[in-house]
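Remarks on the structure that follows.
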2 protein chains.
Amino acid sequence: MARKAASVNRKEELVSAAVDVFAEIGYYRATTAKVAERAGISQPYVFRFFATKEDLLTEALSVSWQRMTEAFRAVIDRAGADTLEEELVEAYVGIMEKHRSEILLQMQAQTIGEPRIVETMRSGFREVRTMVEEAFGRAGIADPKRRTLLFLARGMLCNISMSLDLPELMEEENV
Amino acid sequence: MARKAASVNRKEELVSAAVDVFAEIGYYRATTAKVAERAGISQPYVFRFFATKEDLLTEALSVSWQRMTEAFRAVIDRAGADTLEEELVEAYVGIMEKHRSEILLQMQAQTIGEPRIVETMRSGFREVRTMVEEAFGRAGIADPKRRTLLFLARGMLCNISMSLDLPELMEEENV
DNA sequence: TTGACTTGTAATTGATCAATCACTAATTAA
DNA sequence: TTAATTAGTGATTGATCAATTACAAGTCAA
């Protein structure tokens with residue numbers, strides 16, 4: 001089974017390299033050769049793991065959404081009702097700091113019209129929204145639907161603040 | 001002077017075609033040939049108006065920001081203090097409906113790392129923010145800084161709602 | 001009316017890149 | 001040991017595209 005495990009690692013390294021390269025120079029400018037180089041493999045070998053470049057993007061996106069939902073899930077399972085929103089914001093900021101590339105990739109994917117990409121983004125968004133809304137409801141927070149949308153909206157503004165380097169959009173005292 | 005005026009029109013038509021084509025299939029997938037076809041001119045002729053494809057994108061972005069700031073300026077000059085925010089939201093929704101492509105282009109540009117694109121986006125964002133914040137201040141709205149950021153955040157969520165076709169992110173009753 | 005200028009295009013070029021092909025080297029199972 | 005499978009690469013291909021070149025037809029001023 002050592003073979004299999006090594007192969008899984010290779011694939012994970014490849015996806016992780018793809019996230020970074022796609023985020024740095026953009027999906028369409030990023031070449032499979034650059035991704036391969038970052039992953040330490042040859043360019044043709046990329047296509048042993050993913051049939052097309054778009055398949056690789058889809059997987060990279062899925063991984064980024066998984067990280068986000070898992071982080072939120074952990075907060076929801078642990079946080080008290082009074083600090084829930086605060087801790088969700090903290091978790092998101094944490095992801096933005098530690099996994100900047102994944103957020104930048106998601107931002108790109110917001111405008112890539114390919115049906116499979118759109119679907120991946122839609123389901124990611126829906127899952128986060130549902131999860132947060134239910135948690136807000138259970139925590140007895142007033143108007144959970146509205147609060148969830150505000151939470152998401154602030155997140156989207158944070159993204160832009162990061163990608164365009166406009167820190168004034170994230171002033172803590174105005175949250 | 002008829003020559004000059006016709007030339008200005010051609011250029012405007014070209015930029016407008018670029019906005020649409022870039023928005024539809026993405027800046028990097030959009031070819032100068034497709035933009036030219038949409039504008040009803042030949043592909044090489046594009047380069048008589050703009051030295052590079054990126055120059056064309058920069059101009060297209062500038063135009064889209066101008067439309068937005070002009071629309072907001074008109075509202076601010078006209079609206080009463082009590083309906084200011086409401087009317088600004090209306091104006092934004094109007095742009096999203098009538099000039100969907102321009103919003104989609106701005107969303108793309110949020111993650112295009114090219115320095116001149118970043119700078120165009122930054123100055124557009126700053127101008128809108130400053131304009132709205134000052135108007136909120138003059139209108140005696142409480143906490144104008146915070147309200148402006150909320151206004152922008154909601155706008156960014158609207159964008160995503162449109163581009164990913166997730167109408168539940170824009171439920172009127174939760175605004 | 002001729003020469004300079006403007007408007008416009010067809011054809012080409014040089015680069016780039018996703019994907020395929022043809023192959024070698026290592027690993028494993030019998 | 002050997003046959004089959006797996007891991008991995010170099011070389012190539014076919015397509016695409018931004019940008020250039022070289023040219024033609026119209027316009028206008030002297």
Side-chain angles (χ1 to χ4, degrees), chain A residues 1-61 105 108-109 112-117, chain B residues 1-61 105 108-109 112-117:
Chain A
M1 287 296 109
R3 309 286 296 289
K4 194 84 180 180
S7 177
V8 167
N9 279 350
R10 272 261 192 267
K11 189 168 180 174
E12 278 169 9
E13 283 162 24
L14 173 56
V15 171
S16 162
V19 168
D20 287 344
V21 175
F22 289 168
E24 277 168 29
I25 58 176
Y27 172 66
Y28 289 108
R29 271 179 306 179
T31 67
T32 55
K34 275 207 184 78
V35 172
E37 191 190 353
R38 185 75 61 101
I41 62 176
S42 68
Q43 183 261 341
Y45 201 33
V46 170
F47 293 88
R48 289 292 166 93
F49 295 100
F50 297 96
T52 67
K53 190 185 172 189
E54 197 186 304
D55 284 354
L56 176 55
L57 170 61
T58 305
E59 175 65 14
L61 269 183
L105 187 62
Q108 282 182 55
I112 295 181
E114 295 297 324
R116 291 165 49 220
I117 305 303
Chain B
M1 285 299 107
R3 310 285 295 287
K4 194 82 180 183
S7 177
V8 167
N9 279 350
R10 271 261 193 268
K11 189 168 180 174
E12 278 168 11
E13 283 162 25
L14 174 57
V15 171
S16 163
V19 168
D20 287 344
V21 175
F22 290 169
E24 276 168 30
I25 59 177
Y27 172 68
Y28 289 108
R29 271 180 306 179
T31 67
T32 54
K34 277 209 184 77
V35 172
E37 192 190 352
R38 186 75 62 102
I41 62 175
S42 68
Q43 184 260 342
Y45 202 34
V46 170
F47 292 90
R48 287 291 168 91
F49 296 99
F50 298 97
T52 67
K53 190 185 173 189
E54 196 186 304
D55 284 355
L56 176 54
L57 170 61
T58 305
E59 176 64 15
L61 269 182
L105 187 62
Q108 284 182 55
I112 295 181
E114 295 297 324
R116 289 166 48 222
I117 305 304

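First the proteins, then the strands, lettered A, B, ... as listed; each starts at 1.
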Treating [X] as the side-chain partner and [Y] as the backbone partner, does any N or O pair qualify as donor plus acceptor under 3.5 Å?
X	Y	answer
B:Glu54	B:Arg116	no
A:Gln108	A:Phe22	yes
A:Ser16	A:Glu12	no

Measure [atom1]/[X] against [atom2]/[N] and give the value in whole Å, please.
X	N	atom1	atom2	value
A:Phe22	C:dC17	CZ	C1'	13 Å
B:Phe47	D:dC17	CZ	P	12 Å
B:Asn9	C:dT6	CG	C1'	17 Å
A:Glu37	C:dC17	CD	P	12 Å

Rounded to the nearest 0.5 Å, what separation is found between the [atom1] atom of [X] and the [atom2] atom of [Y]?
X	Y	atom1	atom2	result
A:Arg48	A:Arg10	CZ	CZ	13.0 Å
B:Tyr27	B:Leu61	OH	CG	10.0 Å
A:Asp55	A:Thr52	CG	OG1	3.5 Å
B:Asp20	B:Lys34	CG	NZ	14.0 Å
B:Lys53	B:Tyr28	NZ	OH	8.0 Å
B:Phe49	B:Leu56	CZ	CG	11.0 Å

Each nucleotide N or O in nucleotides 8-12 of chain D that has a protein N or O under 3.5 Å away: list the pair and distance.
residue, atom, partner, partner atom, Å
D:dG8, OP1, A:Arg10, NE, 3.3
D:dG8, OP1, A:Arg10, NH2, 3.0
D:dG8, OP2, A:Arg10, NE, 3.4
D:dG8, OP2, A:Tyr45, OH, 2.5
D:dG8, N7, A:Arg48, NH1, 3.2
D:dG8, O6, A:Arg48, NH2, 3.0
D:dT9, OP2, A:Ser42, N, 2.9
D:dT9, OP2, A:Ser42, OG, 2.8

Below 4.5 Å, heavy atoms only, C-beta onward: do B:Thr58 and B:Phe50 meet side chain to side chain?
no
Using a heavy-atom distance cut-off of less than 4.0 Å, which residues of residues 54-61 of chain B contact DNA chain D?
none
Under a 4.0 Å heavy-atom cut-off, which of residues 24-32 of chain B touch DNA chain C?
none
